[in-house]
Amino acid sequence: MSNAGESALHYPLGSTLPEPGRTIEVAPGVRWLRMGLPFALDHINLWLLRDRIDGREGWSIVDCGIANEATRGHWEEVFENELQGLPVLRVICTHMHPDHIGLAHWLCEKWNCRLWISATDWNAARVASTTTTGFGGEAAAAFFAMHGLADPEALDKVRARSNYYASMVPQVPRAYRRLMDGQTVAFGGRAWRCIAGYGHAPEHIALFCADLNVLISGDMVLPRISTNVSVIDIEPEADPLPLYLASIAAMRTLPADCLVLPSHGKPFTGLHTRIGQLTEHHDERFADVLAACAQQPCHAADLLPVLFKRTLDLHQTTFAMGESVAHLHALAGQGRLRPQRAADGVLRFSTVA
Ligand SMILES: [Zn+2]
(Lines give C-alpha, C1' and ligand atoms only; values in the text may rest on other atoms or scores of the structure.)
Protein backbone atom coordinates (compact mmCIF):
# COMPACT_ATOMS: atom_id res chain seq x y z
CA MET A 1 0.00 0.00 0.00
CA SER A 2 1.55 3.33 -0.96
CA ASN A 3 2.55 5.78 1.70
CA ALA A 4 0.59 9.02 2.11
CA GLY A 5 3.24 10.23 4.59
CA GLU A 6 6.09 9.82 2.13
CA SER A 7 6.81 13.56 2.14
CA ALA A 8 7.89 13.24 5.81
CA LEU A 9 10.85 11.19 4.57
CA HIS A 10 13.92 12.63 2.91
CA TYR A 11 15.52 11.27 -0.25
CA PRO A 12 19.12 12.56 -0.26
CA LEU A 13 19.65 11.56 -3.91
CA GLY A 14 16.43 13.18 -5.08
CA SER A 15 14.97 11.33 -8.05
CA THR A 16 18.33 10.01 -9.30
CA LEU A 17 18.28 6.30 -10.14
CA PRO A 18 21.10 4.06 -11.34
CA GLU A 19 20.84 3.12 -15.02
CA PRO A 20 20.50 -0.62 -15.75
CA GLY A 21 23.95 -2.21 -15.51
CA ARG A 22 25.34 0.85 -13.69
CA THR A 23 25.81 1.77 -10.03
CA ILE A 24 25.76 4.92 -7.90
CA GLU A 25 27.89 5.35 -4.77
CA VAL A 26 25.53 6.11 -1.85
CA ALA A 27 28.14 5.98 0.95
CA PRO A 28 31.90 5.36 0.91
CA GLY A 29 32.39 1.87 -0.55
CA VAL A 30 28.63 1.26 -0.88
CA ARG A 31 27.13 1.23 -4.37
CA TRP A 32 23.49 1.03 -5.44
CA LEU A 33 22.15 -0.86 -8.45
CA ARG A 34 18.65 -1.73 -9.60
CA MET A 35 17.27 -4.76 -11.44
CA GLY A 36 13.89 -5.12 -13.10
CA LEU A 37 11.15 -7.42 -11.78
CA PRO A 38 8.22 -8.85 -13.74
CA PHE A 39 5.64 -7.84 -11.11
CA ALA A 40 3.62 -4.74 -10.20
CA LEU A 41 6.63 -4.15 -7.96
CA ASP A 42 8.87 -3.50 -10.94
CA HIS A 43 12.38 -3.25 -9.48
CA ILE A 44 14.68 -4.35 -6.68
CA ASN A 45 17.65 -2.49 -5.24
CA LEU A 46 20.90 -4.41 -4.82
CA TRP A 47 24.11 -3.25 -3.20
CA LEU A 48 27.82 -3.64 -3.75
CA LEU A 49 30.11 -3.29 -0.74
CA ARG A 50 33.81 -2.68 -1.29
CA ASP A 51 35.43 -5.59 0.48
CA ARG A 52 38.69 -7.31 1.37
CA ILE A 53 39.02 -10.89 2.55
CA ASP A 54 42.41 -12.33 3.57
CA GLY A 55 44.18 -9.46 1.84
CA ARG A 56 42.23 -10.00 -1.38
CA GLU A 57 40.50 -6.86 -2.64
CA GLY A 58 37.05 -7.08 -4.21
CA TRP A 59 33.33 -6.60 -3.70
CA SER A 60 30.53 -8.20 -1.78
CA ILE A 61 27.10 -8.34 -3.36
CA VAL A 62 24.00 -7.82 -1.21
CA ASP A 63 20.97 -9.50 -2.86
CA CYS A 64 20.82 -10.88 -6.39
CA GLY A 65 17.66 -10.33 -8.45
CA ILE A 66 15.55 -13.14 -9.93
CA ALA A 67 16.97 -15.75 -12.29
CA ASN A 68 16.33 -14.57 -15.83
CA GLU A 69 18.28 -13.53 -18.90
CA ALA A 70 17.77 -9.77 -18.41
CA THR A 71 19.07 -9.80 -14.84
CA ARG A 72 22.10 -11.89 -15.79
CA GLY A 73 22.77 -9.47 -18.63
CA HIS A 74 22.68 -6.46 -16.30
CA TRP A 75 25.00 -8.22 -13.88
CA GLU A 76 27.47 -8.83 -16.74
CA GLU A 77 27.42 -5.10 -17.47
CA VAL A 78 28.03 -4.32 -13.80
CA PHE A 79 30.99 -6.74 -13.74
CA GLU A 80 32.35 -5.10 -16.88
CA ASN A 81 31.87 -1.47 -15.86
CA GLU A 82 31.60 -1.12 -12.12
CA LEU A 83 33.98 -3.47 -10.28
CA GLN A 84 37.21 -1.63 -11.13
CA GLY A 85 38.63 -4.93 -12.37
CA LEU A 86 38.15 -6.59 -8.98
CA PRO A 87 36.37 -9.87 -8.23
CA VAL A 88 33.22 -10.56 -6.25
CA LEU A 89 34.27 -12.09 -2.92
CA ARG A 90 30.93 -13.10 -1.43
CA VAL A 91 27.17 -12.95 -1.96
CA ILE A 92 24.93 -11.86 0.90
CA CYS A 93 21.17 -12.50 0.84
CA THR A 94 18.98 -10.57 3.24
CA HIS A 95 16.33 -13.29 2.86
CA MET A 96 14.96 -16.12 0.72
CA HIS A 97 12.44 -14.34 -1.49
CA PRO A 98 13.00 -14.89 -5.23
CA ASP A 99 13.99 -11.31 -6.06
CA HIS A 100 16.73 -11.50 -3.42
CA ILE A 101 18.14 -15.01 -3.83
CA GLY A 102 17.17 -15.95 -7.40
CA LEU A 103 20.60 -15.57 -8.96
CA ALA A 104 22.70 -16.44 -5.88
CA HIS A 105 23.67 -19.84 -7.34
CA TRP A 106 24.80 -18.24 -10.60
CA LEU A 107 26.76 -15.46 -8.86
CA CYS A 108 28.42 -17.86 -6.39
CA GLU A 109 29.40 -20.25 -9.20
CA LYS A 110 30.62 -17.51 -11.48
CA TRP A 111 32.86 -15.98 -8.82
CA ASN A 112 33.57 -19.19 -6.91
CA CYS A 113 32.47 -17.52 -3.71
CA ARG A 114 30.21 -18.24 -0.76
CA LEU A 115 26.58 -17.36 -0.07
CA TRP A 116 26.00 -15.71 3.34
CA ILE A 117 22.41 -15.90 4.65
CA SER A 118 20.47 -16.87 7.79
CA ALA A 119 20.16 -20.62 8.31
CA THR A 120 16.37 -20.42 8.38
CA ASP A 121 16.16 -18.67 5.04
CA TRP A 122 18.78 -20.90 3.41
CA ASN A 123 16.77 -23.95 4.43
CA ALA A 124 13.47 -22.40 3.36
CA ALA A 125 14.94 -21.45 -0.02
CA ARG A 126 16.37 -24.94 -0.57
CA VAL A 127 13.00 -26.51 0.23
CA ALA A 128 11.00 -24.04 -1.87
CA SER A 129 13.27 -24.38 -4.91
CA THR A 130 13.11 -28.18 -4.94
CA THR A 131 9.48 -28.84 -3.98
CA THR A 132 6.16 -27.38 -4.95
CA THR A 133 5.14 -26.16 -1.52
CA GLY A 134 4.50 -22.70 -0.20
CA PHE A 135 3.72 -20.45 -3.13
CA GLY A 136 1.13 -22.32 -5.13
CA GLY A 137 -0.30 -25.74 -5.86
CA GLU A 138 -3.16 -27.71 -4.34
CA ALA A 139 -2.35 -26.94 -0.69
CA ALA A 140 -2.16 -23.20 -1.34
CA ALA A 141 -5.48 -23.28 -3.22
CA ALA A 142 -7.12 -25.18 -0.32
CA PHE A 143 -5.72 -22.65 2.16
CA PHE A 144 -7.08 -19.68 0.17
CA ALA A 145 -10.45 -21.44 -0.25
CA MET A 146 -10.64 -22.02 3.53
CA HIS A 147 -10.16 -18.26 3.90
CA GLY A 148 -13.00 -17.48 1.53
CA LEU A 149 -11.39 -17.10 -1.89
CA ALA A 150 -14.19 -18.51 -4.06
CA ASP A 151 -13.34 -17.40 -7.62
CA PRO A 152 -12.71 -20.74 -9.40
CA GLU A 153 -10.47 -19.09 -11.97
CA ALA A 154 -8.22 -17.57 -9.29
CA LEU A 155 -8.06 -20.90 -7.45
CA ASP A 156 -7.18 -22.73 -10.67
CA LYS A 157 -4.38 -20.28 -11.29
CA VAL A 158 -3.03 -20.81 -7.77
CA ARG A 159 -3.21 -24.60 -8.31
CA ALA A 160 -1.35 -24.29 -11.60
CA ARG A 161 1.37 -22.19 -10.05
CA SER A 162 3.10 -24.96 -8.09
CA ASN A 163 6.41 -24.28 -9.81
CA TYR A 164 6.28 -20.58 -9.05
CA TYR A 165 9.22 -20.21 -6.67
CA ALA A 166 11.45 -22.63 -8.58
CA SER A 167 10.81 -20.73 -11.81
CA MET A 168 12.52 -17.69 -10.28
CA VAL A 169 14.94 -19.60 -8.04
CA PRO A 170 15.96 -22.71 -10.01
CA GLN A 171 18.82 -23.49 -7.63
CA VAL A 172 20.14 -22.47 -4.23
CA PRO A 173 23.85 -22.94 -3.44
CA ARG A 174 24.36 -26.24 -1.61
CA ALA A 175 26.74 -24.66 0.92
CA TYR A 176 26.45 -21.38 2.76
CA ARG A 177 27.79 -19.33 5.64
CA ARG A 178 25.35 -18.57 8.41
CA LEU A 179 24.33 -15.04 9.38
CA MET A 180 22.79 -14.52 12.83
CA ASP A 181 21.33 -11.68 14.85
CA GLY A 182 24.00 -9.57 16.59
CA GLN A 183 26.86 -11.00 14.52
CA THR A 184 29.34 -8.51 13.10
CA VAL A 185 30.68 -8.94 9.59
CA ALA A 186 33.61 -6.80 8.42
CA PHE A 187 33.26 -5.57 4.85
CA GLY A 188 36.44 -3.89 3.68
CA GLY A 189 37.51 -3.33 7.31
CA ARG A 190 34.19 -1.73 8.31
CA ALA A 191 31.99 -3.49 10.85
CA TRP A 192 28.39 -4.20 9.85
CA ARG A 193 26.01 -5.66 12.43
CA CYS A 194 23.39 -8.25 11.47
CA ILE A 195 19.86 -7.49 12.67
CA ALA A 196 17.42 -10.39 12.41
CA GLY A 197 13.83 -9.47 11.61
CA TYR A 198 10.71 -11.63 11.54
CA GLY A 199 7.28 -11.61 9.99
CA HIS A 200 8.24 -10.91 6.35
CA ALA A 201 10.59 -13.84 5.72
CA PRO A 202 11.53 -16.68 8.06
CA GLU A 203 14.67 -14.88 9.36
CA HIS A 204 15.47 -11.72 7.46
CA ILE A 205 18.89 -10.15 8.06
CA ALA A 206 19.32 -6.37 7.83
CA LEU A 207 22.83 -4.88 8.11
CA PHE A 208 23.85 -1.75 9.99
CA CYS A 209 27.21 0.02 9.78
CA ALA A 210 27.70 2.50 12.65
CA ASP A 211 30.84 3.91 10.97
CA LEU A 212 28.90 4.93 7.88
CA ASN A 213 25.56 5.37 9.68
CA VAL A 214 23.97 3.21 6.97
CA LEU A 215 21.25 0.58 7.33
CA ILE A 216 20.65 -1.98 4.58
CA SER A 217 17.04 -2.56 5.57
CA GLY A 218 16.16 -5.19 2.96
CA ASP A 219 12.40 -5.60 2.87
CA MET A 220 11.83 -4.87 6.58
CA VAL A 221 11.52 -1.08 6.20
CA LEU A 222 10.50 0.34 2.80
CA PRO A 223 9.79 4.02 2.18
CA ARG A 224 6.83 3.83 -0.15
CA ILE A 225 5.00 0.54 0.32
CA SER A 226 4.32 -1.44 3.45
CA THR A 227 6.26 -4.67 3.82
CA ASN A 228 4.28 -7.77 2.93
CA VAL A 229 3.47 -9.74 6.07
CA SER A 230 1.54 -12.85 5.11
CA VAL A 231 0.29 -16.15 6.42
CA ILE A 232 0.89 -18.93 3.88
CA ASP A 233 -0.28 -22.52 3.64
CA ILE A 234 2.87 -24.17 4.96
CA GLU A 235 2.41 -22.45 8.34
CA PRO A 236 -1.36 -21.91 8.35
CA GLU A 237 -1.73 -20.86 12.02
CA ALA A 238 1.18 -18.38 11.92
CA ASP A 239 0.84 -14.98 13.59
CA PRO A 240 3.53 -12.95 11.80
CA LEU A 241 2.30 -9.37 12.29
CA PRO A 242 3.30 -9.04 15.98
CA LEU A 243 6.70 -10.47 14.99
CA TYR A 244 7.07 -7.91 12.23
CA LEU A 245 5.94 -4.97 14.38
CA ALA A 246 8.30 -5.98 17.21
CA SER A 247 11.17 -6.33 14.71
CA ILE A 248 10.75 -2.83 13.28
CA ALA A 249 10.14 -1.35 16.77
CA ALA A 250 13.55 -2.76 17.77
CA MET A 251 15.12 -0.75 14.92
CA ARG A 252 14.27 2.44 16.83
CA THR A 253 17.53 1.85 18.72
CA LEU A 254 19.35 2.75 15.47
CA PRO A 255 20.19 6.42 14.84
CA ALA A 256 17.18 8.43 13.61
CA ASP A 257 19.35 10.08 10.94
CA CYS A 258 20.89 6.92 9.44
CA LEU A 259 20.73 6.46 5.67
CA VAL A 260 18.32 3.61 4.95
CA LEU A 261 18.98 1.47 1.89
CA PRO A 262 15.70 -0.38 1.18
CA SER A 263 15.18 -3.20 -1.33
CA HIS A 264 12.41 -1.27 -3.08
CA GLY A 265 12.08 2.50 -3.51
CA LYS A 266 14.90 4.98 -3.01
CA PRO A 267 17.54 5.44 -0.27
CA PHE A 268 16.04 7.64 2.44
CA THR A 269 16.47 9.15 5.87
CA GLY A 270 13.71 9.24 8.46
CA LEU A 271 13.91 5.69 9.83
CA HIS A 272 12.01 6.43 13.05
CA THR A 273 9.34 8.39 11.18
CA ARG A 274 8.85 5.49 8.78
CA ILE A 275 8.66 2.93 11.62
CA GLY A 276 5.98 5.13 13.21
CA GLN A 277 4.07 5.32 9.91
CA LEU A 278 4.16 1.54 9.41
CA THR A 279 3.00 0.90 12.97
CA GLU A 280 0.17 3.39 12.51
CA HIS A 281 -0.72 1.84 9.14
CA HIS A 282 -1.25 -1.57 10.76
CA ASP A 283 -3.15 -0.05 13.70
CA GLU A 284 -5.55 1.51 11.18
CA ARG A 285 -5.90 -1.80 9.33
CA PHE A 286 -6.63 -3.55 12.65
CA ALA A 287 -9.37 -0.99 13.36
CA ASP A 288 -10.84 -1.48 9.85
CA VAL A 289 -10.87 -5.26 10.26
CA LEU A 290 -12.49 -5.04 13.71
CA ALA A 291 -15.16 -2.66 12.41
CA ALA A 292 -15.98 -4.99 9.49
CA CYS A 293 -16.09 -8.08 11.71
CA ALA A 294 -18.36 -6.24 14.18
CA GLN A 295 -20.95 -5.89 11.37
CA GLN A 296 -20.91 -9.59 10.51
CA PRO A 297 -18.44 -12.48 10.70
CA CYS A 298 -15.85 -12.01 7.94
CA HIS A 299 -13.40 -14.30 6.18
CA ALA A 300 -10.09 -13.09 4.80
CA ALA A 301 -11.47 -12.65 1.25
CA ASP A 302 -14.34 -10.49 2.59
CA LEU A 303 -11.72 -8.11 3.93
CA LEU A 304 -9.79 -7.57 0.67
CA PRO A 305 -11.83 -4.48 -0.33
CA VAL A 306 -11.55 -3.21 3.26
CA LEU A 307 -7.76 -3.58 3.36
CA PHE A 308 -6.89 -2.86 -0.28
CA LYS A 309 -8.62 -0.02 -2.02
CA ARG A 310 -7.43 -0.91 -5.52
CA THR A 311 -7.98 -3.67 -8.08
CA LEU A 312 -5.69 -6.63 -7.52
CA ASP A 313 -4.25 -9.01 -10.12
CA LEU A 314 -3.75 -12.67 -9.18
CA HIS A 315 -0.20 -12.16 -7.90
CA GLN A 316 -1.42 -9.27 -5.74
CA THR A 317 -4.53 -11.17 -4.65
CA THR A 318 -2.50 -14.05 -3.22
CA PHE A 319 -0.25 -11.63 -1.33
CA ALA A 320 -3.32 -9.66 -0.19
CA MET A 321 -5.05 -12.82 1.03
CA GLY A 322 -1.96 -13.71 3.06
CA GLU A 323 -1.94 -10.21 4.57
CA SER A 324 -5.64 -10.33 5.32
CA VAL A 325 -5.19 -13.62 7.19
CA ALA A 326 -2.24 -12.08 9.06
CA HIS A 327 -4.42 -9.22 10.36
CA LEU A 328 -7.16 -11.67 11.39
CA HIS A 329 -4.68 -13.92 13.20
CA ALA A 330 -3.09 -11.00 15.04
CA LEU A 331 -6.48 -9.85 16.33
CA ALA A 332 -7.49 -13.43 17.20
CA GLY A 333 -4.15 -13.75 19.03
CA GLN A 334 -5.07 -10.71 21.12
CA GLY A 335 -8.45 -12.27 21.92
CA ARG A 336 -10.35 -9.57 20.00
CA LEU A 337 -11.64 -11.85 17.24
CA ARG A 338 -12.89 -15.41 17.40
CA PRO A 339 -12.57 -17.79 14.41
CA GLN A 340 -15.44 -20.07 13.50
CA ARG A 341 -15.57 -22.63 10.73
CA ALA A 342 -18.99 -22.80 9.10
CA ALA A 343 -20.60 -25.76 7.32
CA ASP A 344 -19.10 -24.48 4.03
CA GLY A 345 -15.61 -25.10 5.47
CA VAL A 346 -14.76 -21.40 5.39
CA LEU A 347 -13.17 -19.74 8.41
CA ARG A 348 -14.93 -16.55 9.53
CA PHE A 349 -13.95 -14.23 12.32
CA SER A 350 -16.31 -12.35 14.62
CA THR A 351 -15.62 -9.77 17.32
CA VAL A 352 -15.50 -10.93 20.90
CA ALA A 353 -18.12 -9.09 22.94
ZN1 LIG B 1 10.95 -10.11 0.64
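Atoms within a ligand are numbered from 1 in the order they appear, just like the ligands themselves.
Sorted pairs that involve residues 247-256 and meet salt bridge (Lys or Arg N to Asp or Glu O under 4.0 Å), not counting sequence neighbours, are lacking altogether.
For the side-chain hydrogen bond (donor to acceptor under 3.5 Å, both in side chains) with H200, the lone residue among T94, T227, D219, N228 that qualifies is D219.
Looking at residues two or more places apart in sequence or on another chain, you find no salt bridge (Lys or Arg N to Asp or Glu O under 4.0 Å) involving D99. Checked against ring-ring contact (aromatic ring centres under 6.0 Å, His included), F79 has the following partners two or more places apart in sequence or in another chain: W75, W111.
Judged by the 6.0 Å distance and 45° axis criteria, R161 is positioned over the aromatic ring of Y164.
For the Zn ion (ligand 1), the nearby protein N/O/S atoms, meaning those under 2.8 Å, are H95 NE2, H97 ND1, H200 NE2, D219 OD2.
Closest of all the heavy-atom pairs between G265 and W32 is O-CZ2, 4.3 Å.
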